[in-house]
Every structure is written in C-alpha cells, then in structure tokens.
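These notes are about the structure you will find just below.
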Number of protein chains: 2
Amino acid sequence: MPIPTNFLSPTRVSAKGRAFSQIQEWIIDGTLQPKEKLNDADLAQALGVSRTPIREALQLLNVQGFVEMFPGVGTQVTSVNKEDVSKILPPLGVLQALAAEHATPLISQDTIDTLREINTEFAQSIKKGDFYSALKQDEQFHNIIVENAQNSYITNSISNLQAHVLRLYFHQSIILTDDSIEEHEAILKAFENSDSETAARIARKNWLRAIDEFYAEQKDRDEK
Amino acid sequence: MPIPTNFLSPTRVSAKGRAFSQIQEWIIDGTLQPKEKLNDADLAQALGVSRTPIREALQLLNVQGFVEMFPGVGTQVTSVNKEDVSKILPPLGVLQALAAEHATPLISQDTIDTLREINTEFAQSIKKGDFYSALKQDEQFHNIIVENAQNSYITNSISNLQAHVLRLYFHQSIILTDDSIEEHEAILKAFENSDSETAARIARKNWLRAIDEFYAEQKDRDEK
DNA sequence: AAACATTTGTCCGTATGTATA
DNA sequence: ATATACATACGGACAAATGTT
C-alpha cells in the first residue's frame, strides 16, 4: 500500500497479494467505479486465479474501506463522496503533525537534505502542471517524515488514510497548489531548529489547507 | 438508563465473525500469549469450524496488528512490549483530541448529561479499585464523544488503537488514576461552553498523562 | 544432499442464505 | 406465498513452500 521508498522484493508474491494490489489499484484509479458490483468468480477468471485469494483480498479491501460486503447478497466498491476530503484530511493532518513532532529530534541533516531535494522536484512538477507526479512526491516527502517518527502505530494509521487520499485525487477532489512548496521548506527549517512545535503546526496546516482549496474550487466551478 | 450505545443485533453471525471475535478476545486477555504459535487446523477444531473462516479471521487480525504471518512458515501472536504505551497513546491522543474538537458543535446537552453519568460511574469504579470496569467506562465515555464527531475515518482509526490499549491493560501497562475524573468533567464543561480548543487540549492531555503514569509506576517497581 | 514433516496457499464443490418473479 | 436464480460462506482435499533430520 504505501511502498514508500523500497521496492517489493521480487520473491514469490502470493495470488492473494497480487489480487489485493491489482483490485486496490483499479478502485483507486477508477477502473472499478464506485458502487460497481464485484463478482469474485469474474475477478478470479480475470486474474487467472481461483475464488479463494479473491475473497481474501476483498476482505482486506473491506476493512480498508474500499469495498462493502453484504453477506449473502453481494460485494461492491464503496462510493466516493467528494466532500470526504473534509473528513479524511483532519485525522490525516493531526497524525502527520504528530509524526513531524516526533521526527524532529530523530531526523538527520542528511535526511533533511534529501527532503529538500524531493521538495525541489515537487516544485518542478507543480510548475509543469504534472500534478500526478507532484502528488507522489508530496506523498514521498511526508512518508519519509513519518518513517523517521519511528512509530508503527502512526505509520499504519496514516497509510490507510493516504490510500483514500490517492483515490480522491483520481476523483478530482484533491487540488495541489504551490503553497505547499514553501510550507514544506518551513517544516524543514523547523527540523533544523529542533522546533517540534512549529514543525507540527505547519504540517497540520499543510493538510487542512487542501480542504479550503477544494471548496474554493467547487465554488469556482459552480459559478460557471 | 443510559443508552447501551450499539449492541448489534445478534443476527446471523458468520463463522468467520465468531472466530475473529473469539481469537481477538483470547489475544487481548492473554489466553493466547505473545509469540504463541497459531495453528489454523487446531483453532478450526477448537472452534468447530473448518480452516477457511479461521484463516480469514487470522488475516483480519494480521492487518489489525494482533498476529504476524510468515508465509509458508507459521502464524503467531504478535509480541507485546510494555513500552508500547508510549507509542500507542500519542496517536490515540491526537485523534481523540480531534474527535472532541469536532464533536463540540454537534453534541447535545442530553448526551453531555449521559457522559456525566458515565463519568460518575467511572469515578465509583476507580474508588472501588475495580479498574477493569473503570477502563470499560472510560472507553465508553470517549467512544460517545468519537461517535458525535461523525467522522468514520476518525472512528476507524481510533477503534483499532483502542483494541491494543485494552490488550496493554491486560499486560499491566496501563494504569488508571483518579486524575481522569476531573479531566472528563473539564471536557464536558468545554462542550457546554462550545470551547472546542479546550476540549481538544484536555482530551489529548488525558491520554498522554497515562504515559507518565506508566513510567512512574515502572520506576516505582524498579526501586523495590 | 535429499527426503521428510509441517504448515501455509490454493482450488473447487456444495450448502446456505437472499432477493426477485 | 412458493419457487427459482444467484451470490456468498464454508468445507475438504491437494499443491507448494519452508525448515529439518
């Protein structure tokens, strides 16, 4: 799911694992549309495996909030409400803020330099209008901070929310602006000053701002 | 009588559901010890079902962080490090604080009254030394606040962490003190004053304090 | 080094339950 | 209301992978 920096080892990946990754990808990028019915027999044939690994993959996607299961009735992709940006980003914001706070005394100057490079690439992607690359670089930036907080409970909570953010991006609910560029730099400055309180405050603001931008964009569309 | 929040109708509970609940309970209360090997065939026989629902339940417990699975090798209960209190409570604290913040403008006086009753029962349990009841009442108190925040992403993130807190209680890593009683009341006052900032601040402090208490207790034990 | 024992991973058949005509 | 069609839930057997003797 997160796959931040390292590739998955090319060791025997299970049929369940392949099914999970593939179906999740299809749901996130919209190949499988919200409310679409998921027939495990069909998916099994499509992926060339039996129904068992499909069933197991769907159950994991269920707890992750990507599919709904109605016992004895059917399984379907969960719906996407664009307004969910305002529901996902607050918890993601406070968790990212906490991660920044905890990472402050642990992060090395080397890592900060790496983050600065990623932020430069992020800025270039934004300028070029390559928002998908920008989103992935933004995610990478924050994931490195999260890793440095060295707290698996924070990491796990965040990675789940992040997958939903990616899905919202594909459904045109997440807008990226260049405000993030200088906020990222401000976080790095706070790290260098060992100012965990400032790092946390800006990190949270960095995520919450996207809510306002979404509604501003919506208003903009409505007026046309 | 206070609302017994949500008792799901005991309709048609699947074998998988029963297996999941039972195994989770065994892990939380220590019946299944950390690092203990989990043989799905044995569990299947013990619960009178086939391996399939056991396997599915174990996979859910895996993503929840209660069991570790080593493909082709074995499945075991995750280890429990007492120091994990200091890893779980910070994210739980910020999420509970966020829930309190969001609940503030939504919560009714009726609900606040109910919370006050629960806090009274909580206080009585503490005084009697009935810490398990106290823990459940504390959980109920906070869960009602979480519900009122009306944000499923917050709810889901919290419920997972909460299950681990319960497990830590059984492993003597969570200590309850009567400081919580007045903090709870302070949160209720903040609700009545529509002061979301104060509600959030105290809610977070309420959870973080348990870390200090754990280490104070540890130090106390070491000195003996 | 090779065969073995154990455990997980996968397949597929069948029973059960739900919705619809 | 009954029957029918369909999807899921579960069971049991086989195959694959791993660690060991």
Side-chain angles (χ1 to χ4, degrees), chain A residues 1 7-27 31-79, chain B residues 8-27 31-79:
Chain A
M1 171 174 29
F7 288 82
L8 279 180
S9 50
T11 54
R12 264 283 172 258
V13 58
S14 64
K16 180 190 75 174
R18 282 201 314 275
F20 174 81
S21 301
Q22 182 64 76
I23 298 172
Q24 186 190 44
E25 195 178 310
W26 280 337
I27 293 175
T31 303
L32 289 171
Q33 286 288 306
K35 294 287 183 184
E36 187 162 344
K37 197 158 192 334
L38 296 176
N39 184 300
D40 55 11
D42 295 345
L43 286 169
Q45 191 172 8
L47 296 178
V49 295
S50 79
R51 283 167 28 230
T52 301
I54 300 292
R55 259 183 70 78
E56 294 176 346
L58 290 178
Q59 289 179 15
L60 299 185
L61 290 166
N62 177 41
V63 305
Q64 229 189 349
F66 283 120
V67 312
E68 277 176 310
M69 305 186 83
F70 303 94
V73 179
T75 302
Q76 64 182 39
V77 179
T78 53
S79 57
Chain B
L8 271 188
S9 51
T11 54
R12 265 287 162 267
V13 59
S14 63
K16 180 191 74 174
R18 282 201 315 276
F20 173 80
S21 302
Q22 182 63 79
I23 298 172
Q24 186 188 44
E25 196 177 310
W26 281 337
I27 293 175
T31 303
L32 289 171
Q33 286 287 308
K35 294 285 182 186
E36 187 162 345
K37 198 158 192 335
L38 295 175
N39 185 300
D40 54 14
D42 295 344
L43 286 168
Q45 192 172 8
L47 295 178
V49 295
S50 77
R51 278 180 54 218
T52 303
I54 300 292
R55 268 182 63 77
E56 294 175 347
L58 290 178
Q59 288 178 14
L60 299 186
L61 290 166
N62 177 42
V63 304
Q64 230 190 341
F66 283 120
V67 312
E68 279 175 308
M69 307 186 83
F70 303 94
V73 180
T75 301
Q76 65 183 35
V77 179
T78 52
S79 58

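Each chain gets a letter, A, B and so on, in the order the sequences are listed, and its residues count up from 1.
With hydrogens and angles left out, the side-chain atoms of A/Gln59 and B/Glu56 include a donor and acceptor closer than 3.5 Å.
Among the atoms of the strands shown, none is found under 4.0 Å from any heavy atom of B/Leu58.
Note: CG (B/Asp40) to P (D/dG12) measures 14 Å, nearest angstrom. Look at CE on B/Met69: it is 7 Å from P on C/dT8, rounded to the nearest Å. Atom C1' of nucleotide D/dT8 and atom NZ of A/Lys37 are separated by 9 Å, given to the nearest angstrom. One interatomic measurement links the two molecules: CG of A/Asp42 to P of D/dA7, which rounds to 8 Å at whole-angstrom precision. Distance, B/Leu38 CG to C/dT6 C1': 16 Å, rounded to whole Å. Whole-Å rounding puts the A/Leu47 CG to C/dC11 P distance at 11 Å. In this structure, A/Gln59 places its CD atom 14 Å from P of C/dT10, rounding to the nearest Å. When rounded to the nearest whole Å, the span between CZ of A/Arg51 and P of C/dT14 equals 12 Å.
Atoms OG and CD, from A/Ser21 and A/Glu25 in turn, are 8.0 Å apart once rounded to the nearest 0.5 Å. How far OG1 of B/Thr31 is from CD of B/Gln22: 8.0 Å, rounded to the nearest 0.5 Å.
Among C/dT10, D/dG19, D/dC10, the nucleotide with an atom closest to any side-chain atom of A/Glu56 is C/dT10. For A/Val73, the listed nucleotide lying nearest its side chain is C/dT18; candidates were C/dT18, C/dC11, C/dT7.
With hydrogens and angles ignored, no donor-acceptor pair under 3.5 angstrom links the side chain of B/Ser14 to the base of D/dC10.
Looking at which nucleotide of DNA chain C each of A/Pro71 and A/Ser50 is closest to, the 5′-most match is held by A/Ser50. Heavy-atom nearest nucleotides on DNA chain D were determined for A/Gly74 and for A/Thr52, and the one closer to the 5' end corresponds to A/Gly74. For B/Thr75 and A/Gly72, each mapped to the nucleotide of DNA chain C holding its nearest heavy atom, the one lying further toward the 5' end belongs to B/Thr75.
OP1 or OP2 of D/dA9 has at least one side-chain nitrogen or oxygen of A/Arg55 nearer than 4.0 Å.
Side-chain N or O atoms of A/Thr78 include one that pairs as donor or acceptor with a backbone N or O of A/Gly65 at under 3.5 Å. Distance alone, capped at 3.5 Å, is enough to place a donor-acceptor pair between the B/Glu36 side chain and the B/Gln33 backbone.
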